[in-house]
Amino acid sequence: MTFETRSITKVLSANDTGETGGHQAGILVPRERRLLSFFPSLNEKDYNPRAHLKFVDASGLEWEFAFIYYNNKFFGGTRNEYRLTRMTRFIREAGLAADDEVILSRSEADEYSIDFKRKSEARPDERGVLKLGSGWKIVDMEGRR
DNA sequence: AGCCATGCACCG
DNA sequence: CGGTGCATGGCT
């Protein structure tokens with residue numbers, strides 16, 4: 001069996017929101033299996049495999065993001081990382097900025113939803129930890145290995 | 001490992 | 001022709 005991560009969050013970097021002037025249109029997803037288990041599995045043998053995912057926001061609007069595994073390292077290049085791209089429109093519409101947090105969830109029926117929490121609304125948890133690691137956090141997980 | 005950056009293709 | 005995303009390299 002595999003892990004079934006149901007909800008994760010990420011504190012946005014300046015580059016994620018476009019504040020650095022880049023047009024990357026994608027945030028990096030660490031190559032960590034519990035994080036990756038939130039997303040559909042991609043065939044890692046393919047070159048830059050991807051899946052397009054529909055996310056519903058709090059107001060019921062649908063957004064399509066792209067979950068991509070840039071793996072050209074195994075095809076003569078240097079990349080070996082996952083990204084969730086095509087979020088710029090959502091980020092702009094929501095008015096998100098660096099240090100704001102996006103919350104991604106997946107239902108029992110594998111329907112994805114997205115929400116966010118502005119920095120000003122972010123609260124430390126019971127341990128007083130506000131931001132951990134690279135900004136990603138697993139909120140809830142089901143199943144076992 | 002994670003964030004920053006960009007040439008080019010595509011599309012309105 | 002300006003904005004967006006792809007694919008990739010660079011920097012710390």
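Sequence lines set the chain letters: A, B, ... in the order given, protein chains first and strands last, and positions in each chain run from 1. The analysis underlying the following values was restricted to heavy atoms, covering all of them including side chains, and did not include hydrogens, waters or symmetry mates.
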* Structure fact -> Whole-Å distance, A:Asn48 CG to C:dG9 C1', equals 14 Å
* Atom CE of A:Met87 to atom P of C:dG5: distance rounded to whole Å? -> 11 Å
* **Gap between atoms CD and C1', on A:Glu93 and C:dT4 respectively (whole Å)** => 14 Å
* Under the side-chain contact (heavy atoms from CB on, under 4.5 Å) rule, collect the residues that match up with A:Ser105, sequence neighbours excluded. => A:Ser7, A:Ile103, A:Ser113
* To do: Consider the side chain of A:Thr85, meaning its heavy atoms from C-beta on, and name the nucleotide among B:dG2, C:dT4, C:dC6 that approaches it most closely.
  => C:dC6
* To do: May I ask whether A:Trp63 and A:Ile68 are part of the same hydrophobic cluster, defined by side-chain heavy atoms of I, L, V, M, F, W, Y residues being less than 4.5 angstrom apart, directly or through others?
  => no
* To do: Report the hydrophobic cluster partners of A:Leu28, with the cluster defined as I, L, V, M, F, W, Y residues connected by side-chain heavy atoms closer than 4.5 angstrom, directly or transitively.
  => none
* Asked: How long is the line joining CD1 of A:Ile27 and P of B:dA5, in whole Å?
  -> 17 Å
Atom pairs under 3.5 Å, N or O on each side, protein against nucleotides 7-9 of chain B: can you list them with distances?
{"residue": "B:dG7", "atom": "O6", "partner": "A:His23", "partner atom": "NE2", "Å": "2.5"}

* Structure fact -> Applying side-chain contact (heavy atoms from CB on, under 4.5 Å) to A:Ala14 and not counting sequence neighbours gives A:Glu19, A:Thr20, A:Ala98
* To do: Could you tell me the separation between the CD1 atom of A:Ile91 and the P atom of B:dC3, rounded to a whole number of Å?
  => 13 Å
* Where along residues 61-78 of chain A does a heavy atom come under 4.0 Å from DNA chain C, residue by residue in number order? -> A:Tyr70, A:Asn72, A:Thr78
* Shared hydrophobic cluster, A:Val56 / A:Leu61 (ILVMFWY, side-chain heavy atoms < 4.5 Å) -> no
* To do: Working to the nearest 0.5 Å, report the span between OG1 of A:Thr88 and CZ of A:Phe65.
  => 9.0 Å
* Asked: Does a side-chain N or O from A:Ser13 land closer than 4.0 Å to OP1 or OP2 of B:dC4, or not?
  -> yes
* Gap between atom CG of A:Asp99 and atom CG of A:Leu12 - 0.5 Å precision -> 8.5 Å
* Set of residues satisfying side-chain contact (heavy atoms from CB on, under 4.5 Å) with respect to A:Ile91, sequence neighbours excluded -> A:Thr17, A:Met87, A:Leu96
* Please give, in whole Å, the distance from C:dA7 P to A:Tyr82 OH? -> 15 Å
Please output the side-chain donor-acceptor pairs of residues 38-48 of chain A that fall under 3.5 Å, not counting sequence neighbours, one pair per line with the distance.
{"residue": "A:Asn43", "atom": "OD1", "partner": "A:Lys45", "partner atom": "N", "Å": "3.0"}
{"residue": "A:Glu44", "atom": "OE2", "partner": "A:Tyr82", "partner atom": "OH", "Å": "2.8"}
{"residue": "A:Asn48", "atom": "OD1", "partner": "A:Asn71", "partner atom": "N", "Å": "3.2"}

* Between C:dC6, B:dG2, B:dC4, which one does the side chain of A:Leu28 approach most closely? -> B:dG2
Please tabulate, one pair per line, each protein N/O and nucleotide N/O from nucleotides 10-12 of chain B that are separated by under 3.5 Å, including the distance.
none

* **Rounded distance (nearest 0.5 Å) linking atom CG of A:Leu104 with atom OG1 of A:Thr5** => 11.5 Å
* Atom CD of A:Glu19 and atom P of B:dC3: how far apart are they, to the nearest Å? -> 14 Å
Contact list (N/O, under 3.5 angstrom) for nucleotides 10-12 of chain C vs protein:
{"residue": "C:dG10", "atom": "N7", "partner": "A:Arg79", "partner atom": "NH2", "Å": "3.3"}
{"residue": "C:dG10", "atom": "O6", "partner": "A:Arg79", "partner atom": "NH1", "Å": "3.1"}

* Honestly curious: do A:Phe75 and A:Tyr70 fall in one hydrophobic cluster under the side-chain, below-4.5 Å linking rule? -> no
* Would you kindly give the CG-to-C1' distance between A:Asn80 and B:dA1, to the nearest whole Å? => 11 Å
* Asked: Please, which pairs that meet salt bridge (Lys or Arg N to Asp or Glu O under 4.0 Å) have at least one residue in residues 54-81 of chain A, sequence neighbours excluded?
  -> A:Lys54-A:Glu64, A:Glu64-A:Arg86, A:Arg79-A:Glu81, A:Glu81-A:Arg83
* Examine B:dA5: is either OP1 or OP2 under 4.0 Å from a nitrogen or oxygen in the side chain of A:Thr20? Give yes or no. => yes
* Is it true that A:Asp100 and A:Lys10 have a side-chain N and a carboxylate O under 4.0 angstrom from each other? -> no
* Can you check whether A:Tyr69's main-chain N or O pairs, donor with acceptor, with A:Arg50's side chain at less than 3.5 Å? -> no
* Would you mind telling me which of C:dC6, B:dC3, B:dG2 lies closest to the side-chain atoms of A:Pro30? => B:dG2
